[in-house]
Amino acid sequence: MIVCVCNNISDREIRQAVDLGLSSMAELRRDLGVATCCGKCHTCARDVLNDHLGATAVMQETVLMRA
């Protein structure tokens, strides 16, 4: 789904950016341009970012626990 209409940024692109190391809205703004125009996407973008950061953390814990 398109999260930032102004810059045509999708939730998938946000998740890929997190996978590449981005971890804050400031980094999403800087690297993808999310929430730099009208700002209406800020809440949705932050939710996608936080959800994926949380899912990534759970996955890392699971992998680390398997030995």
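Computed over heavy atoms, backbone and side chain alike; hydrogens, waters and symmetry mates excluded.
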Identify the heavy atoms of R29 and V34 that sit nearest to each other, and give their distance.
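R29 and V34 have their closest heavy atoms at CG-O, 2.8 Å.
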Looking at A35 and M25, what are the two nearest heavy atoms and their distance?
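Where A35 meets M25 most closely, the heavy atoms are CB-CE, 4.4 Å.
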Starting from the C-alpha separation in whole Å, work towards a yes-or-no answer on side chain to side chain contact (heavy atoms under 4.5 Å, CB included) for R46 and L28.
CA-CA 9 Å; R46 186 185 64 224; L28 284 179; over 6 Å; no
With rounding to the nearest 0.5 Å, note down the distance linking OG1 in T56 to CG in D51.
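One finds 10.5 Å between OG1 of T56 and CG of D51.
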Which value, rounded to the nearest 0.5 Å, describes the distance between H42 atom NE2 and C4 atom SG?
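Answer rounded to 0.5 Å: 11.5 Å.
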Listed partners of N7 passing side chain to side chain donor-acceptor pair (under 3.5 Å), at least two apart:
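Partners of N7 under the side chain to side chain donor-acceptor pair (under 3.5 Å) test: T36.
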Distance-only criterion, 3.5 Å: show the donor-acceptor pairs between side-chain atoms of residues 9-17 and protein atoms not counting sequence neighbours.
| residue | atom | partner | partner atom | Å |
| --- | --- | --- | --- | --- |
| S10 | OG | R12 | N | 3.4 |
| S10 | OG | E13 | N | 3.1 |
| S10 | OG | E13 | OE1 | 3.3 |
| D11 | OD1 | M1 | N | 2.8 |
| D11 | OD2 | R15 | NH1 | 2.8 |
| E13 | OE1 | S10 | N | 2.9 |

Using side-chain heavy atoms (C-beta onward) and a distance below 4.5 Å, is S23 in contact with L53?
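Yes. Closest side-chain heavy atoms under 4.5 Å.
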